[in-house]
Amino acid sequence: MKTMKLLFTLLLVAGFATVGFGQIAGTSHDMSGELWNAEGEICIVCHTPHNALASNAPLWNRAATSATFTVYSGTTLNATVGQPTGQSLLCLSCHDGTVGLESYGSATATLLNPIGTPGLLGVDLSNDHPISFAYDDALATADGELHAPSTDLSGLGSTIDADMLFGGQMQCASCHDVHDDTHGNFLIMSNSASALCLTCHDK
């Protein structure tokens, strides 16, 4: 009986691992076949089971970017946007083009393999959606065309705050899921008829 329980548990764990693995396999985030990935693993480029780097991501394994970014600004912007923080900095450790893709683990940032287009955002984020700003009731009121963060319009199961914000802030991961490309462009939900945009924007 114990053997059957153990076998069932192992099969269950293997099944979950396969599902998680399969979401990245074959996407542009699958770098297991790159020559610079000596381990040939999918996860190792961003995560490690041992000796992780300090960050706000689980078992982070990538060199951080030290770039200074030009951030989004505009006359209609009511948010206060500063330098990228949190999860967005993790995304930019590949997407800003200043850190080589092979810069993980003990490898140094040689930039032998910078990210190419269309994933290259660079350090000028002035033409990209603003990130790393507080999305709260005060911002929604000041803007007049944003839903309050307590609104549930996402179809993701809960409120904008619970489903899309990180410590009350809008980040890259508010709209993108690095582990799942089901909806294209690693979006967290379909943007058909601007559904993702309309989760926050009242237009």
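Around CG of N127, the count of heavy atoms belonging to other residues, nucleotides or ligands within 6.0 Å exceeds 12. Applying the 6.0 Å contact sphere to CG of D128 captures more than 12 heavy atoms from other residues, nucleotides or ligands.
Looking at residues two or more places apart in sequence or on another chain, you find a side chain to side chain donor-acceptor pair (under 3.5 Å) between E145 and K203. Looking at residues two or more places apart in sequence or on another chain, you find a side chain to side chain contact (heavy atoms under 4.5 Å, CB included) between C94 and R62, L101. Checked against side chain to side chain donor-acceptor pair (under 3.5 Å), D30 has the following partners two or more places apart in sequence or in another chain: S32. Under the side chain to side chain contact (heavy atoms under 4.5 Å, CB included) criterion, T85 pairs with S132, Q169, Q171, sequence neighbours left out. For D202, there are no side chain to side chain donor-acceptor pair (under 3.5 Å) partners at least two apart in sequence or on another chain. With sequence neighbours excluded, no residue forms a side chain to side chain donor-acceptor pair (under 3.5 Å) with T141. With sequence neighbours excluded, the residues forming a side chain to side chain contact (heavy atoms under 4.5 Å, CB included) with A134 are D136, listed by chain and number. Judged as a side chain to side chain contact (heavy atoms under 4.5 Å, CB included), and not counting sequence neighbours, A38 has no contacts. For the salt bridge (charged side-chain N to carboxylate O under 4.0 Å, His left out) test, no residue two or more places apart in sequence or in another chain qualifies with E39.
H47 places a side-chain N or O within donor-acceptor distance of the main-chain N or O of P58, the cut-off being under 3.5 Å. Side-chain atoms of D177 do not come within 3.5 Å of backbone N or O of D181 as any donor-acceptor pair. Remark: side-chain polar atoms of N61 are paired, donor with acceptor, to backbone N or O of G105 under 3.5 angstrom. For the pair H179 (side chain) and Q23 (backbone), a donor-acceptor distance under 3.5 Å is absent. One N or O on the side chain of N37 and one on the backbone of E41 form a donor-acceptor pair closer than 3.5 Å. The backbone N or O of A162 lies less than 3.5 Å from a partner atom in the side chain of T159, making a donor-acceptor pair.
Residues V178 and I24 form no side-chain contact, since every pair of their non-hydrogen atoms from C-beta on lies 4.5 Å or further apart. Side-chain contact between S28 and F186: present, with at least one pair of heavy atoms (C-beta onward) separated by less than 4.5 Å.
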> side chain to side chain contact (heavy atoms under 4.5 Å, CB included) between L92 and L121: does it pass, once the steps are laid out?
Replying inline: CA-CA 8 Å; L92 290 166; L121 296 176; 4.2 Å; yes

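Here the CG-SG distance, from L125 to C172, works out to 8.0 Å after rounding to the nearest 0.5 Å. The distance from atom CZ of F133 to atom OG of S88, rounded to the nearest 0.5 Å, is 10.0 Å. With values rounded to the nearest 0.5 angstrom, S158 atom OG is found 12.0 Å from M164 atom CE. Rounding to the nearest 0.5 angstrom, the gap separating the CG atom in L89 from the NE2 atom in H95 is 13.0 Å. We find the CG-OG1 distance between L156 and T199 to be 6.5 Å, quoted to the nearest 0.5 Å. One distance of note links CG of D137 with OG of S150; it measures 5.5 Å at 0.5 Å rounding.
Put simply, L139 and M170 are part of the same group of oily side chains (I, L, V, M, F, W, Y) that touch within less than 4.5 Å, one to the next. Grouping the Ile, Leu, Val, Met, Phe, Trp and Tyr side chains by contacts below 4.5 angstrom, directly or via other members, places V99 apart from L53.
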List the atom pairs, donor and acceptor, that lie under 3.5 Å between side-chain atoms in residues 64-79 and the rest of the protein, sequence neighbours left out.
residue, atom, partner, partner atom, Å
T65, OG1, A67, N, 3.2
T65, OG1, D96, OD2, 2.4
T65, OG1, T98, OG1, 3.4

Let me have the donor-acceptor pairs involving side chains of residues 187-198, under 3.5 Å, with sequence neighbours excluded, atom names and distances please.
residue, atom, partner, partner atom, Å
S190, OG, S192, N, 3.0
N191, OD1, A195, N, 3.4
N191, OD1, L196, N, 3.0
N191, OD1, C197, N, 3.3

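Side chain to side chain, D180 and T182 meet the donor-acceptor criterion of an N or O pair below 3.5 Å.
Across every non-hydrogen atom of D161 and G168, the tightest pair is OD1-CA, 4.3 Å. Listed here is the closest heavy atom pair of F166 and Q87: CD2-NE2, 3.4 Å.
Taking a 4.5 Å side-chain heavy-atom cut-off between Ile, Leu, Val, Met, Phe, Trp and Tyr, the cluster of W60 extends to L90.
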